[in-house]
Amino acid sequence: MFKSVFRKYLAAFSVIICISFGVIVVLLYSGLDNYAYDIRGNILEDTADSAVRAVNSYMSLMNRDLEYLLTNETEQMQSNVDVWAESSESVVFLTDTDGNILLSSSNYISDGRPVPDGVIASLSSGKNEYKVSTLAGFFEDKHLCSMKIIRSADDSADIAALFVCASDEQTGELLNSLAGTLLLAISAVFMFVLLSVFFISRKITEPLKKISEAARAFAHGNFEMRVPVKGSDEVASLAVAFNNMADSLERLEDTRRMFIANVSHDLRSPMTSIAGFIDGILDGAVKPEDREHYLTIVKSEINRLSRLVSSLLDISQIEAGERRFTKRPFDICEMARQILISCEARIEQKNIDIEFDCDQDNMWVYSDEDAIHQVTYNIVDNAVKFANNGGSLSIGIHRSEKDKKVLVSIRNTGEGIASADLPYVFERFYKSDRSRGLDKSGAGLGLFIVKTILESLGETIQAESKEHEYCEFLFTLTESRSGKSGRKKPQNRAKKQAN
C-alpha cells in the first residue's frame with residue numbers, strides 16, 4: 001500500500017495532521033470546558049451578589065426585617081426573585097438558617113425538602129460560595145450554584161441564605177455547542193491541509209518519478225530522456241543535475257563509440273599493412289632490394305601500435321593509482337628547448353616560426369621530470385601537428401609571484417578548436433577532428449593523459465582558442481625553492497625561421 005514515496009508522504013502527513021488536530025481538540029475542549037463553567041459561574045455569582053444587595057437595600061429603605069418583607073411584600077419579593085432567575089437562566093430560592101425554603105422562583109419545583117444542614121453550616125463559615133454539586137443530595141443531578149448568606153441590618157446575625165443554581169446540563173449544552181462549532185472549523189481546516197499536502201507531495205514526488213523512469217531508460221542504454229525542470233527549489237536543482245549527468249553520459253557513450261571506431265581503425269590499418277608487407281616478403285613478391293624499405297614501414301606501423309597500447313596502459317595505471325611520481329628539481333626551460341629540437345625536422349618541413357620566451361635562461365620547478373616531459377612533448381607535438389604551414393609556435397615560461405607557480409604556455413596558429421569542442425578537449429577518447437583529416441594516428445587519449453598527470457601532481461591546465469586563428473594550452477608547475485637559479489634576463493626571445 002505504501003510502496004511509493006507519494007503514498008508514504010501522504011500517509012505520514014495524514015497521521016501527523018490527525019495527531020496534531022487531536023491534541024488541539026483535547027486542549028481546546030478542556031479549555032472550553034473550564035471557560036464555559038467560568039462564564040456560567042460568573043453570571044450566577046453576579047446574580048447572587050445583586051440579589052443580596054437588593055434585599056439588604058430593601059430592608060434598609062423599609063426599615064423592616066426580612067420576615068416582614070416576606071409576609072407583607074410577598075408579591076414584590078416574588079417578582080424580584082423571578083427577574084433574577086430569568087436574567088441568569090437559573091432557579092433562585094431563599095431559605096432560612098435551617099434550610100427551609102422561604103421563597104423561590106416560579107421555575108423551581110419544590111418537593112418541600114429543606115436544604116441539608118451541612119450546606120447552610122458550611123456556607124455560614126464562609127466556605128463553598130460557588131461550586132458544582134447536588135448540595136448534599138438536595139438536587140438529583142449536579143447543579144452549578146452560587147450561594148450567599150444574608151445578614152441582619154445591624155450585621156449581628158445570619159438571617160437567611162440565597163441560592164442561585166443552574167443545572168449542569170445547561171452548561172453542557174453550551175459546551176457542546178461550542179465544541180460542535182470548533183469541530184466543524186477543525187474539519188474544514190483538516191480537509192484544506194490534507195488537500196494541500198496531497199498536491200504538495202505530488203509536486204515533490206512527480207519529478208522523482210520522472211527521474212526514476214529516466215534512470216531505468218539509462219539502464220537499457222537510452223540516454224536521450226531528460227527530466228522536465230520546473231521552479232528553482234531543491235527538486236528542480238536535482239532535475240538539473242540529473243539532466244547534466246544525462247548529457248555527460250550521452251557524450252561519454254558517443255565518445256566511447258567513437259573511440260572503439262578509432263581504435264579499431266588504428267589497429268586494423270597497421271595490422272593490415274604489416275600482414276600485407278610480410279606476406280609479400282615471404283611470398284617473394286617484394287624484391288630483395290625493396291625489403292629494407294618495406295621493413296621500415298612495418299617498423300613504423302609497429303611503433304604506431306606500440307604508442308596506442310602505451311597510451312591505454314598509461315590511462316589504466318594512472319586511474320588505478322599504480323603510476324608513482326618522483327618529484328625533484330629540474331630546469332623546465334632546458335626541457336622545452338630539447339623538445340623543440342626533437343621536433344626540428346617537422347618544424348622545418350612546415351616552415352613554422354618559433355618564439356621562445358621565458359623570464360630567465362633557466363627556471364627550476366619541482367615535479368616529476370619524466371611525467372612533465374610527457375605532458376610538454378604531447379602538447380608541443382600537437383601544436384606542430386595542427387599548426388598551419390608558415391605559421392608560428394610560441395612557448396612562454398613565466399613566474400607567478402602570487403601563488404609561487406611557473407606558468408607554461410604553448411601556442412600555435414592554425415585552425416584552432418571550435419568553441420563547441422573546447423569544453424571537451426580533455427575528455428577521454430574525445431577528438432574534435434572526427435574526420436581524421438589532420439590527426440590520422442591519434443585516438444583521443446593524449447590530452448586526457450596530460451590533464452590526468454597534471455592533476456595527479458597537483459597542477460592545473462586550461463585551453464584557449466579562437467577558431468581559424470590560434471590555440472593555446474597553459475599549465476602550471478610548482479616553483480623549486482632549492483633548485484639552481486639561472487642568469488636574470490627579463491625578456492629572452494629566441495626566434496627560429498625555417499628556411
Side-chain angles (χ1 to χ4, degrees), residues 314 318 323-348 350 352-387 391-414 425-426 446-465 470-498:
D314 279 344
I318 294 172
R323 180 166 179 177
R324 298 291 181 263
F325 297 103
T326 302
K327 294 184 178 182
R328 64 182 182 84
F330 64 90
D331 184 359
I332 183 62
C333 295
E334 182 61 26
M335 176 184 287
R337 294 187 190 100
Q338 293 297 328
I339 291 173
L340 282 175
I341 291 172
S342 68
C343 299
E344 184 176 6
R346 289 188 295 151
I347 291 172
E348 290 180 350
K350 298 183 74 171
I352 297 173
D353 182 44
I354 300 298
E355 181 178 349
F356 194 85
D357 181 15
C358 59
D359 290 343
Q360 294 175 316
D361 288 340
N362 304 98
M363 297 179 66
W364 295 79
V365 295
Y366 184 75
S367 191
D368 186 293
E369 186 172 2
D370 292 336
I372 298 304
H373 186 280
Q374 182 179 359
V375 166
T376 309
Y377 183 87
N378 194 305
I379 299 175
V380 171
D381 181 68
N382 281 344
V384 174
K385 183 187 302 182
F386 294 107
S392 65
L393 188 155
S394 62
I395 297 179
I397 304 175
H398 304 284
R399 179 183 292 107
S400 173
E401 297 294 342
K402 181 179 179 181
D403 51 9
K404 302 300 181 183
K405 293 282 188 177
V406 172
L407 183 64
V408 180
S409 65
I410 301 171
R411 176 186 178 118
N412 73 319
T413 58
V425 293
F426 295 109
L447 290 178
F448 174 76
I449 294 174
V450 164
K451 184 178 181 181
T452 305
I453 289 175
L454 287 171
E455 288 181 346
S456 299
L457 292 169
E459 307 296 349
T460 61
I461 184 170
Q462 64 184 44
E464 297 177 1
S465 180
Y470 75 92
C471 179
E472 182 177 13
F473 288 87
L474 303 98
F475 62 91
T476 62
L477 294 173
T478 302
E479 184 179 8
S480 173
R481 297 182 179 181
S482 59
K484 297 180 180 179
S485 178
R487 176 175 53 87
K488 181 69 176 179
K489 190 175 182 181
Q491 293 294 329
N492 175 29
R493 299 179 180 269
K495 293 189 177 182
K496 177 177 180 179
Q497 175 67 44

Check whether any side-chain heavy atom of S480 sits under 4.5 Å from a side-chain heavy atom of F330, and report yes or no.
no
Report yes if some heavy atom in the side chain of F473 is under 4.5 Å from a heavy atom in the side chain of V450; otherwise report no.
no
Quick check against the 3.5 Å criterion: does T478 have a side-chain atom that pairs as donor or acceptor with the backbone of Y366?
no
Are any non-hydrogen side-chain atoms of S456 and F325 less than 4.5 angstrom apart?
yes
Roughly how far, to the nearest 0.5 Å, is the CG atom of L454 from the CD1 atom of I372?
5.5 Å
Answer yes or no: is there an ion pair linking R411 with E355, defined by an N-O contact shorter than 4.0 Å?
no
Side chain of S465, backbone of Y470: donor and acceptor closer than 3.5 Å?
yes
Kindly write out the residues that satisfy salt bridge (Lys or Arg N to Asp or Glu O under 4.0 Å) with E334, not counting sequence neighbours, or none if the list is empty.
R337
Counting C-beta onward and ignoring hydrogens, is there a side-chain heavy-atom pair between N382 and N412 closer than 4.5 Å?
no
Determine, stepwise, if the pair I461 / E459 fulfils side chain to side chain contact (heavy atoms under 4.5 Å, CB included).
CA-CA 7 Å; I461 184 170; E459 307 296 349; over 6 Å; no
Is there side-chain contact between I397 and C333, with heavy atoms separated by less than 4.5 Å?
yes
Spacing of H398 atom NE2 and M363 atom CE [to the nearest 0.5 Å]:
8.0 Å
Roughly how far, to the nearest 0.5 Å, is the CD1 atom of I379 from the CD atom of Q374?
11.0 Å
Donor-acceptor pair, side chain of K350 and main chain of G391, under 3.5 angstrom:
no
In Å and rounded to the nearest 0.5 Å, what is the OH to CG distance from Y377 to L340?
11.0 Å
Contacts of D368 that satisfy side-chain hydrogen bond (donor to acceptor under 3.5 Å, both in side chains) - sequence neighbours left out:
none
To check you understand the geometry: which heavy-atom pair defines the closest contact between A371 and L457, and what is its length?
CB-CD1, 4.3 Å
